[in-house]
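I have placed the structure first, in the form of structure tokens, so that the comments after it can refer back to it.
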Amino acid sequence: MPISFSVVRQKLLVRLNTLDRAFERHILTPSVSRYVDRFALQEGLLSSLWQAWCEFCRDVVIGAVQGATTTTGIVVSSQAYAARTEAEIAYIAKQLAQQRNVTTIKPISGRYSEPTWGDVNKLNLIVTGLGPSNQQTLLSGFGGVTSIKDLQICRNASAHINGETIAEVRAARVRYLHTAFKHPSDTMRWIVPTTKDYLWRSWIDEMELVSDLATQ
């Protein structure tokens, strides 16, 4: 039975609302004063937001392949891979993300081996290779991602602090205002020039918009 993209998107929106309220509590009424505590809290918010995005992308792509009803009532699937299991589709997606030829197909060894679903550069390769009937809608929707790419940079730097990841965070500073940081997670407090609001808000808003476009 096809899954409902309306349900998939609603699950994302609920998670975004929960995380956004946590962000508001953290910014407006800080509950911690020590840097180590603040960084831990912010890193948790970054990681949770990134995971919510990745899970949405995974659900939409696998659903589009196996069979799904879009928010506009259209039933979609992949002619080539609709009969494949979720684990097999994940395996194919991993091969496509690494730009490898798909020859033999087998179940992936586990969720830990799956591609980074939220990485839009890999996502475009995966969607194109799997070829669901709503391929153009997915590519168009995910093609609108801009600030979420910086979420990926900042989350990775928070989870894996080293010279290379910190350099990527510093390179992203040119796009924002008030970009001082003691820890990569401080990026959520940077200001977007066009909106004069926190970068965190930009990530939330973009996820809401892209999820709407990709599920139609």
Side-chain angles (χ1 to χ4, degrees), residues 1-13 15-16 47 49-156 159-160 165 168 203 206-216:
M1 181 179 179
I3 67 167
S4 168
F5 276 175
S6 294
V7 172
V8 171
R9 182 168 187 263
Q10 184 59 32
K11 182 173 72 172
L12 172 67
L13 295 181
R15 294 181 72 177
L16 295 184
S47 180
L49 185 61
W50 176 246
Q51 289 180 62
W53 168 249
C54 288
E55 189 70 13
F56 166 78
C57 294
R58 182 184 190 276
D59 288 348
V60 165
V61 172
I62 291 180
V65 173
Q66 291 185 316
T69 302
T70 70
T71 57
T72 56
I74 300 171
V75 177
V76 298
S77 66
S78 168
Q79 185 175 0
Y81 301 114
R84 294 291 179 176
T85 66
E86 183 176 303
E88 288 174 332
I89 294 170
Y91 174 82
I92 297 168
K94 181 67 174 290
Q95 299 299 106
L96 294 169
Q98 296 177 340
Q99 301 188 58
R100 297 175 179 171
N101 293 329
V102 178
T103 52
T104 58
I105 298 174
K106 58 185 179 181
I108 203 162
S109 56
R111 289 286 295 265
Y112 64 89
S113 297
E114 293 188 8
T116 304
W117 293 98
D119 184 329
V120 292
N121 293 327
K122 294 180 180 178
L123 202 55
N124 288 337
L125 295 171
I126 292 169
V127 170
T128 301
L130 289 171
S133 53
N134 62 333
Q135 174 180 327
Q136 291 307 314
T137 298
L138 292 176
L139 292 176
S140 177
F142 291 130
V145 166
T146 55
S147 67
I148 294 174
K149 293 179 181 178
D150 285 337
L151 168 61
Q152 183 177 4
I153 289 172
C154 299
R155 184 267 175 184
N156 287 346
H160 311 284
T165 58
E168 290 180 337
W203 294 332
E206 190 165 273
M207 287 183 190
E208 291 179 349
L209 175 61
V210 171
S211 67
D212 178 35
L213 296 174
T215 55
Q216 292 182 12

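- Among residues two or more places apart in sequence or in another chain, the side chain to side chain contact (heavy atoms under 4.5 Å, CB included) test is passed with Leu125 by Gln99.
- For residues 59-78, the pairs satisfying salt bridge (charged side-chain N to carboxylate O under 4.0 Å, His left out) are Lys11-Asp59, with sequence neighbours left out.
- To the nearest 0.5 Å, atom OG1 of residue Thr103 and atom CD of residue Gln95 are 7.0 Å apart.
- Taking CE of Met207 as the start and CG of Leu13 as the end, the distance is 11.5 Å to the nearest 0.5 Å.
- Counting heavy atoms from C-beta outward, Ile62 and Trp117 have side chains that approach closer than 4.5 Å.
- Minimum heavy-atom separation, Pro107 to Tyr91: C-CB, 4.3 Å.
- Note on residues 69-78: pairs passing side-chain hydrogen bond (donor to acceptor under 3.5 Å, both in side chains), not counting sequence neighbours, are Thr70-Thr72.
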side-chain contact (heavy atoms from CB on, under 4.5 Å) assessment of Asn156 paired with Glu168: CA-CA 10 Å; Asn156 287 346; Glu168 290 180 337; 5.7 Å; no
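- Using a 4.5 Å cut-off on side-chain heavy atoms (C-beta onward), Leu123 and Thr116 make no contact.
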Working note: Val120 + Ile148, criterion side-chain contact (heavy atoms from CB on, under 4.5 Å); need CA distance, chi angles, decisive distance, verdict. CA-CA 9 Å; Val120 292; Ile148 294 174; 5.9 Å; no
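- Here the closest non-hydrogen pair linking Val75 and Pro2 is CG1-CG, 4.4 Å.
- Here the CH2-CG distance, from Trp203 to Asp150, works out to 7.5 Å after rounding to the nearest 0.5 Å.
- Screening residues 102-129 for salt bridge (charged side-chain N to carboxylate O under 4.0 Å, His left out), with sequence neighbours left out, gives Glu55-Arg111, Arg58-Glu114, Arg111-Glu114.
- Residues passing the side chain to side chain contact (heavy atoms under 4.5 Å, CB included) test with Leu139 are Asn124, Val127, Thr128, Gln135, Gln136, sequence neighbours excluded.
- Annotation: side chain to side chain donor-acceptor pair (under 3.5 Å) contacts of Ser211 (sequence neighbours excluded): Arg9.
- Here CD1 of Ile92 is found 6.0 Å from CG of Leu130. Values are rounded to the nearest 0.5 Å.
- Judged by distance alone, the side chain of Ser113 and the main-chain N or O of Ile108 form no donor-acceptor pair under 3.5 Å.
- In this structure the side chain of Trp50 never reaches within 4.5 angstrom of the side chain of Cys154, judged on heavy atoms.
- Heavy atoms of other residues, nucleotides or ligands lying less than 6.0 angstrom from CD of Gln79 number 12 at most.
- In this structure, the salt bridge (Lys or Arg N to Asp or Glu O under 4.0 Å) partners of Glu88, at least two apart in sequence or on a different chain, are Arg84.
- For Lys149, there are no salt bridge (Lys or Arg N to Asp or Glu O under 4.0 Å) partners, not counting sequence neighbours.
- Between Phe5 and Asn134, some side-chain heavy-atom pair lies under the 4.5 Å cut-off.
- Considering only residues two or more places apart in sequence or on other chains, Arg15 meets the side chain to side chain donor-acceptor pair (under 3.5 Å) condition with none of them.
- Applying the side chain to side chain contact (heavy atoms under 4.5 Å, CB included) criterion to Ser140, with sequence neighbours excluded, gives no partner residue.
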Worked check of side-chain contact (heavy atoms from CB on, under 4.5 Å) between Phe56 and Val210: CA-CA 11 Å; Phe56 166 78; Val210 171; 5.6 Å; no
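- Using a 4.5 Å heavy-atom threshold, the side chains of Val61 and Ile126 count as touching.
- A search for side chain to side chain donor-acceptor pair (under 3.5 Å) contacts involving Glu206 returns Thr146, Ser147, not counting sequence neighbours.
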